[in-house]
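Data block below; observations after.
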Amino acid sequence: MSNSLHLGRLFGIPFRLHYTWFIIFAIVTVSLSMYYFPNFYPLWSKSRYWIVGIVTSLFFFASVLAHELAHSLVCLRSGIPVKSITLFIFGGVAQITREAARPRTELVMAVAGPLSSLAIAGLFTVVWFLARGVSEPVAALAWWLATINTLLALFNMIPGFPLDGGRVLRSIIWAVTGDYRRSTRIASLTGQGIAYLLIFGGVLIMFRGYLVDGLWLAFIGWFLDNAAVQSYRQAVLRDSLQGFTAQDVMSVDYASLPGDLTIRELVEGHLLRTSRRYFLVTDDGRLSGIVTLHNIRAVPQQLWDTTSIRQAMTPTEKLKVAQPGEDAVSILEQMVEEDINQMPVVREGRVIGMIARDNLLHFIKMRSELRI
Ligand SMILES: [Zn+2]
């Protein structure tokens with residue numbers, strides 16, 4: 001569901017690989033084995049380039065994991081549970097369930113990652129120093145990893161939220177002003193400013209003829225801008241939902257249908273005639289599943305007359321369901337983490353409401369417009 005592969009647990013924290021990681025793994029391995037190593041060490045055999053390339057990539061992977069693990073361990077020590085660590089295209093994300101309650105905690109949490117990257121860089125520098133003249137492949141591997149971990153530390157210290165440096169900036173402003181939301185705003189805006197600079201610089205470099213380098217820089221800028229906007233929104237939403245339960249934020253504006261309806265009947269009788277994108281499937285008032293556009297598209301059109309929505313739906317066992325008293329912030333986090341758009345609120349097997357991500361925004365907007 002969340003496009004990632006569960007790999008195992010470290011210190012009790014589940015860790016996963018997002019599918020984009022495989023892309024970056026391939027890019028790193030290919031560029032090391034086909035360009036970087038052949039360029040600096042022209043005398044190696046072809047198989048050696050590939051073996052050293054793959055081993056170096058695996059160490060790179062371990063370095064990124066160690067960076068995230070450092071954040072996570074500080075979180076755990078400060079009493080903040082860590083749900084999971086996911087590695088994806090630009091590194092990793094440690095999914096923490098709560099934000100730090102104090103600026104000092106956030107500061108320590110944020111610097112732990114870059115510091116561990118620097119420590120790893122130092123370690124590989126020592127390995128490089130010892131391996132020089134003894135084993136060229138080991139020295140080559142160590143040198144590249146020392147460099148990349150230094151870059152990783154530097155990149156993450158860019159002072160734009162949600163990067164580590166942005167979190168450091170936020171914690172400092174937060175400590176000075178005591179205003180959590182404003183400090184998040186400033187740190188995100190700084191992130192966006194830096195992102196635009198990177199995009200601008202990237203385009204400039206492209207015009208100077210360095211197409212690939214410029215494109216990369218612009219791409220990183222674009223990514224950073226997206227991340228800044230999204231995590232700011234997330235932070236505001238999270239902040240505004242503080243103290244509410246599922247029952248408070250759920251919507252009672254949903255529709256349920258009997259499971260023996262055919263898909264054709266659903267599409268022509270309901271889906272095209274309302275603005276709803278999903279329907280609950282119930283039997284005698286008990287929830288048996290949800291049918292969404294996604295489910296319908298999975299069934300070939302010639303089968304729409306003969307397939308019931310019960311056969312096409314996502315059954316309750318596979319759904320995330322909220323309890324009425326559950327904390328709204330943690331529900332939002334589950335939805336984000338697992339990429340779910342709607343979640344039924346269920347009391348003793350019966351649906352009493354729906355939480356949709358858009359609904360949460362509506363809830364916040366209405367409350368702020370009504371000033372309640
Ligand atoms: Zn980090």
Side-chain angles (χ1 to χ4, degrees), residues 4 7 10-11 13-18 20-21 24-25 28 57 59-78 80-100 102-124 145-174 183-184 186-188 190-192 194-195 198 219-221 223-232 234-235 238 333 336-337:
S4 54
L7 276 195
L10 276 172
F11 299 92
I13 308 163
F15 90 93
R16 297 197 289 238
L17 281 185
H18 193 257
T20 49
W21 174 264
I24 211 71
F25 187 81
V28 170
S57 290
F59 271 114
F60 173 51
F61 160 84
S63 309
V64 175
L65 188 61
H67 174 114
E68 293 309 321
L69 211 53
H71 287 305
S72 305
L73 292 180
V74 174
C75 280
L76 290 180
R77 281 197 67 175
S78 322
I80 298 172
V82 181
K83 255 192 201 154
S84 63
I85 296 179
T86 307
L87 295 187
F88 77 120
I89 191 161
F90 275 113
V93 181
Q95 207 101 40
I96 54 174
T97 45
R98 267 186 280 128
E99 291 283 335
R102 279 179 312 170
R104 175 195 285 271
T105 318
E106 162 136 72
L107 179 72
V108 178
M109 231 162 72
V111 293
L115 279 185
S116 77
S117 291
L118 279 183
I120 295 168
L123 201 72
F124 278 115
L145 285 163
T147 314
I148 203 76
N149 274 291
T150 309
L151 287 176
L152 206 63
L154 290 178
F155 176 73
N156 274 292
M157 282 311 285
I158 292 176
F161 189 72
L163 293 177
D164 297 336
R167 288 181 173 275
V168 171
L169 180 66
R170 173 168 80 171
S171 70
I172 294 169
I173 303 173
W174 183 12
S183 49
T184 307
I186 296 172
S188 313
T190 315
Q192 276 187 280
I194 291 168
L198 288 177
F219 182 57
I220 292 173
F223 169 79
L224 205 60
D225 178 52
N226 258 321
V229 172
Q230 277 192 16
S231 26
Y232 177 66
Q234 205 72 25
R238 187 199 291 255
E333 273 151 5
V336 172
E337 187 179 346

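Note that this is a predicted model, so its numbers are computed, not measured. Counting starts at 1 for both ligands and their atoms, in listed order.
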Exercise for the section: Take Asn149 and Leu118 through the test side-chain contact (heavy atoms from CB on, under 4.5 Å) and record every step on the way to the result. Expected result: CA-CA 6 Å; Asn149 274 291; Leu118 279 183; over 6 Å; no
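- Between the CD1 atom of Ile173 and the OG1 atom of Thr184 there is a distance of 9.0 Å, given to the nearest 0.5 Å.
- Between the His67 side chain and the Gly113 main chain, a donor and an acceptor come within less than 3.5 Å of each other.
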Please tabulate, one pair per line, all N/O donor-acceptor pairs under 3.5 Å involving side-chain atoms of residues 223-230, not counting sequence neighbours.
| unit_1 | atom_1 | unit_2 | atom_2 | d |
| --- | --- | --- | --- | --- |
| Asp225 | OD1 | Gln192 | NE2 | 3.1 |

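- Note on the Zn ion (ligand 1): protein N/O/S atoms under 2.8 Å are His67 NE2, His71 NE2, Asp164 OD1, Asp164 OD2.
- Judged by distance alone, the side chains of Arg170 and Ser183 never bring a donor and an acceptor atom under 3.5 Å apart.
- Nearest heavy atom pair, residue Arg167 against residue Pro162, reads NE-O, 3.9 Å.
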